[in-house]
Peer 1: 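One structure is given below, represented as structure tokens, and several questions about it will come after.
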Amino acid sequence: MAELTKEYFDEQIGKLVAKTDFDKQISSVTDDLSFLKAKVTSIEEKVDRIDKRDKEDSDAFAKDIVQLQKDVKELQLKPAA
């Protein structure tokens with residue numbers, strides 16, 4: 001069993017201070033991770049919106065192209081006036 005001396009208590013207090021510092025560091029890291037998670041979520045939402053918009057634009061372009069092809073074909077079939 002350890003002798004209860006001033007040095008013993010100083011050592012134990014030092015360990016407690018180190019644990020408190022460690023807890024503060026863990027808390028800081030946890031805060032940073034929460035911040036990063038929120039940023040990643042925000043980026044994912046923006047990418048999803050961009051992807052959806054790109055698909056909508058592509059679909060609209062494809063529809064326009066099909067309509068133009070039909071219009072050209074119709075004009076080709078009409079006799080010249």
Side-chain angles (χ1 to χ4, degrees):
M1 182 168 171
E3 191 174 331
L4 301 179
T5 62
K6 180 182 179 326
E7 290 79 21
Y8 171 80
F9 285 107
D10 288 344
E11 181 182 330
Q12 296 307 310
I13 289 173
K15 288 179 182 177
L16 288 175
V17 170
K19 183 182 181 319
T20 302
D21 289 342
F22 180 74
D23 289 345
K24 287 179 187 175
Q25 290 175 348
I26 291 293
S27 177
S28 176
V29 168
T30 301
D31 292 345
D32 291 346
L33 288 175
S34 294
F35 174 77
L36 289 173
K37 182 178 179 183
K39 283 291 191 184
V40 167
T41 299
S42 174
I43 291 168
E44 287 174 336
E45 290 170 354
K46 288 176 184 174
V47 168
D48 287 344
R49 282 195 307 267
I50 290 169
D51 187 46
K52 181 179 181 227
R53 179 59 194 241
D54 283 349
K55 180 168 178 5
E56 290 170 353
D57 289 347
S58 295
D59 290 348
F61 290 138
K63 189 176 180 178
D64 289 345
I65 290 170
V66 168
Q67 184 60 47
L68 288 171
Q69 288 173 333
K70 288 179 182 178
D71 292 346
V72 167
K73 192 172 189 177
E74 188 178 310
L75 287 173
Q76 288 174 342
L77 294 176
K78 284 187 178 181

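Residues take their numbers from the sequence shown, with the count starting at 1.
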Peer 1: In Å and rounded to the nearest 0.5 Å, what is the CG to CG distance from D54 to D59?
Peer 2: 11.0 Å
Peer 1: Could you list the donor-acceptor pairs under 3.5 angstrom formed by side chains in residues 61-70, with sequence neighbours left out?
Peer 2:
| residue | atom | partner | partner atom | Å |
| --- | --- | --- | --- | --- |
| Q67 | NE2 | D71 | OD1 | 2.9 |

Peer 1: Out of curiosity, I43 CD1 to L36 CG, how far, rounded to the nearest 0.5 Å?
Peer 2: 9.5 Å
Peer 1: To the nearest 0.5 angstrom, please state how far the NZ atom of K55 sits from the CG atom of D51.
Peer 2: 9.5 Å
Peer 1: Under the side chain to side chain contact (heavy atoms under 4.5 Å, CB included) criterion, do Q12 and L16 qualify, and how do the steps go?
Peer 2: CA-CA 6 Å; Q12 296 307 310; L16 288 175; 5.8 Å; no
Peer 1: Is there a salt bridge (Lys or Arg N to Asp or Glu O under 4.0 Å) between D48 and K52 once you walk through the steps?
Peer 2: CA-CA 6 Å; D48 287 344; K52 181 179 181 227; over 6 Å; no
Peer 1: Using 0.5 Å steps for rounding, measure from the OG atom of S42 to the NZ atom of K37.
Peer 2: 14.0 Å
Peer 1: Using side chain to side chain contact (heavy atoms under 4.5 Å, CB included) as the criterion, point out the one residue from D23, V29, T30, D31 that pairs with S27.
Peer 2: D31
Peer 1: Hey, what do you get for NZ (K19) to CZ (F22), rounding to the nearest 0.5 Å?
Peer 2: 8.5 Å
Peer 1: Using modelled atom types only, decide if a donor and an acceptor are shared between the side chain of S28 and the backbone of K24 within a distance under 3.5 Å.
Peer 2: no
Peer 1: What is the distance from atom CD of E7 to atom CD of E11, rounded to the nearest 0.5 Å?
Peer 2: 10.0 Å
